[in-house]
Amino acid sequence: MNKPALARTARSVCPHDCPSTCALDIEIVDDRTIGRVRGAKDDPYTAGVICEKVARYAERVHHPDRLLYPMRRIGKKGEGAFERISWDEALDEIGRRFLEIEAEYGAEAIWPYNYAGTMGHVQRDGLDRLRHAKGYSNKYDTICVMISWSGYIAGTGMLTGVNPEQMAESDCVVIWGTNPVNTQINVMTHAVRARRERGAKIVVVDIYRTATMEQADMALLIRPGSDGALACAVMHVLLRDGLADRAYLASHTDFSADFEAHLASRTPQWAAEITGLSVEEIEGFAHLVGENPKSYFRLGYGFTRQRNGATNMHAALSIPAMIGAWKHRGGGAFHSNSGAWGLEKSAITGKQGSAARALDFSRIGAILNGDAEALKGGPPVKALLIQNTNPMVVTPDHDLTRKGFERDDLFTVVHEQFMTETAMMADIVLPATMFVEHNDYYTRGGHTRVLYGPKLIDAPGEARPNHFVINEIAKCVGAETVATEKTDRELVAETFLRSDYGDLDEIEKVGFVDRALPDEKARFADGFAWPDGKYRFAPDWEAARIKRGAQWTCDPAQMPRFADYVDWNEPVSDDAPFRLTTSPARTFLNSTFIETPGSKKREGEPKLLMHAQDAAQLNLEDGAAVTIGNHRGSVELTLKLFVGVRPGVVVAEGLHPHKAHRKGRGINTLIGSDPVPPFGGAAFHDAAVWIKASQS
């Protein structure tokens with residue numbers, strides 16, 4: 001068979017919830033078919049390198065199991081029995097049911113529930129236009145960034161930092177609490193370039209020996225949740241050994257005698273007991289960064305998904321301030337550039353004056369089961385409209401979530417690309433487009449550019465974009481005024497003009513708008529984003545809460561006065577002696593790609609990584625079927641002995657579908673949904689568990 005002739009190569013953008021937001025070059029075979037997907041070589045950050053899962057994107061676009069038509073459930077929830085219906089039938093039923101629920105229980109009984117299955121703002125955030133117009137329940141976003149962003153802002157006052165391309169100009173790159181080989185491969189592009197061209201050292205701080213740690217010059221394998229102790233001990237050594245930049249501390253930070261006294265007790269010996277590191281490892285790290293102040297700290301999300309995650313982020317962020325790293329090009333810190341976009345998005349999101357309650361995204365289980373506190377004293381949730389997320393797999397406290405979705409009186413609409421385990425619980429399932437089948441723009445949290453991704457091919461079957469669905473439902477529920485007649489491309493163009501980005505036709509020629517701050521501002525040379533311009537070693541958590549627009553979930557007096565280690569993690573016990581972390585797999589992205597053949601083959605069956613010493617004590621062998629559990633439930637996995645994890649710690653990589661597990665329960669069954677201090681969030685990498693051999 002002759003290979004079809006290649007029509008053209010088109011520029012696009014990876015739409016997924018990854019900080020890189022890679023610029024892509026996509027082969028367009030014909031009006032309905034894509035071929036190879038490559039990283040754009042002319043994009044300075046992507047630099048021609050993309051992850052293997054996105055390189056195989058044609059597997060997703062042309063997957064035989066894609067949803068193609070609207071469907072109505074005809075069996076029990078979760079059973080998978082559906083009948084094909086028309087778009088008109090589906091929309092009529094959604095409109096009728098929503099209006100009936102609104103009349104009986106009020107508009108807040110309807111909860112539009114969306115997240116980051118696409119990072120395109122038109123298709124992701126347009127649901128807010130309907131939410132605000134109708135007064136449906138709002139969403140308090142806690143599941144991903146609340147913990148880490150809060151800790152970062154507590155120090156700098158602003159969610160931005162040094163351009164990640166400057167890693168290549170550093171003398172030392174510290175990759176803390178993230179595994180970019182699995183989750184953001186472009187970090188390694190620039191870090192390895194610094195080592196190759198400058199002889200820079202790469203330090204990796206993590207809780208197991210990841211593929212990223214395998215490439216480190218200095219590997220610091222710490223116990224989960226102990227990051228704050230390591231950071232404080234490093235700062236202790238910097239002060240003790242004359243490596244702190246006292247001139248910078250005086251001019252750019254709130255450094256005080258009280259803080260120095262506080263750190264006096266945070267010795268390497270103290271931290272060694274908490275972290276599992278040796279005194280020599282802690283002192284060696286401190287001297288490496290202290291003697292190389294042009295150090296770049298790339299701070300990830302993983303190490304903040306603990307109950308003490310916000311304070312750990314703040315403590316780690318404080319090290320570059322202690323050595324004056326921000327003074328140097330190629331030095332400083334970076335977590336996300338999401339505070340620098342300056343977007344005026346009202347054309348997409350509508351007026352945001354709704355006084356409706358904001359329900360905690362992470363507590364969907366409690367909410368659907370009628371918890372009065374979680375419901376904020378309002379009516380029960382009687383209807384869900386779900387886009388861009390798969391809560392039956394990705395949210396914590398799964399058994400509670402499942403029980404809520406199984407309610408007969410809950411009307412659920414899911415707009416999806418595949419029959420996910422959430423879609424299986426729906427009353428109406430609507431087929432969704434993929435990124436090459438609609439227009440949108442994408443912000444790059446891990447970099448400085450906003451990128452445009454045009455529609456490149458026609459969608460299969462009757463798949464429709466989120467933008468279409470939102471507009472049509474708005475018309476069915478009496479919100480015609482927000483059912484814009486503008487196309488998705490026109491909304492992108494209007495948003496760019498309102499945001500002073502320029503003309504979309506011109507932007508499309510280069511593919512992006514660069515929103516990089518001037519280098520001096522990105523390094524806070526003219527002061528940090530607090531009224532006095534000082535970095536906060538003693539954070540004002542209430543001021544950080546206001547900047548985040550967040551809500552307290554703990555007593556403010558509970559928060560430490562200074563950068564510190566606090567032992568808030570779920571305690572292990574005789575009944576649950578192991579600490580579990582649920583880390584990202586290399587070829588899954590949350591629950592995306594779990595259906596594609598290449599990713600399924602690479603990841604295989606769900607596994608539990610355990611140190612051989614622990615396995616021997618439990619009389620478990622490599623490859624054994626094990627059950628892991630706690631008071632929330634139990635999960636079955638296959639044991640994999642692994643020397644790169646500390647005794648007492650176990651790791652389950654990837655969000656495999658529940659059906660991939662024996663007994664049909666996935667790893668988030670074991671994760672708590674209790675709100676993390678100070679402003680909420682889910683502690684995905686912080687659960688105490690027991691482990692035993694599975695019964696045959």
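- Between P15 and M434 the shortest side-chain heavy-atom distance does not fall below 4.5 Å.
- In this structure, H661 and H656 have perpendicular ring planes: the angle between them is above 60°, well past the 30° mark.
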- Go through the steps for T422 and N390 under the test side chain to side chain donor-acceptor pair (under 3.5 Å), then give the verdict. CA-CA 6 Å; T422 301; N390 184 13; 2.5 Å; yes
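- None of E416, E437, E59 except one satisfies the salt bridge (charged side-chain N to carboxylate O under 4.0 Å, His left out) rule with R66; the exception is E437.
- Aromatic pair F418/H63: ring centres closer than 6.0 Å.
- No donor-acceptor contact under 3.5 angstrom links the side chains of W690 and D575, judged on distance only.
- The cationic group of R444 does not satisfy the cation-pi geometry with Y45, failing either the under 6.0 Å distance to the six-membered ring centre or the 45° limit from the ring axis.
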- Message: Run H415 and Q387 through side chain to side chain donor-acceptor pair (under 3.5 Å) and show every step you take.
- Response: CA-CA 5 Å; H415 186 204; Q387 291 183 323; 3.1 Å; yes
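- Between the side chains of S20 and N186, at least one donor-acceptor pair of N or O atoms lies under 3.5 Å.
- Using a 3.5 Å distance cut-off with no hydrogens or angles, the side chains of Q417 and R60 do pair a donor with an acceptor.
- With no hydrogens or angles considered, no side-chain donor-acceptor pair links E653 and S583 at under 3.5 Å.
- Defined by atom type and a distance below 3.5 Å, a donor-acceptor pair is present between the side-chain atoms of S148 and H335.
- For Y57 and H16, the gap between ring centers is short of 6.0 Å.
- Taking the ring centroids of F361 and Y113, they lie under the 6.0 Å cut-off.
- Inspection of the R195 and Q215 side chains reveals no N or O donor paired with an N or O acceptor under 3.5 Å.
- Counting only residues at least two apart or in different chains, side-chain hydrogen bond (donor to acceptor under 3.5 Å, both in side chains) contacts with residues 638-647 comprise E605-T638.
- Side chains of T412 and R73: no donor on one and acceptor on the other come within 3.5 Å.
- Residues E421 and H658 bring no donor and acceptor atom of their side chains to less than 3.5 Å of each other.
- Between the side chains of T142 and S362, a donor-acceptor pair is found at a separation under 3.5 Å.
- Checking W149 against Y301 by side-chain atom types alone, a donor-acceptor pair falls below 3.5 Å.
- Ring to ring, F334 and F297 are not that close: their centroids are 6.0 angstrom or more apart.
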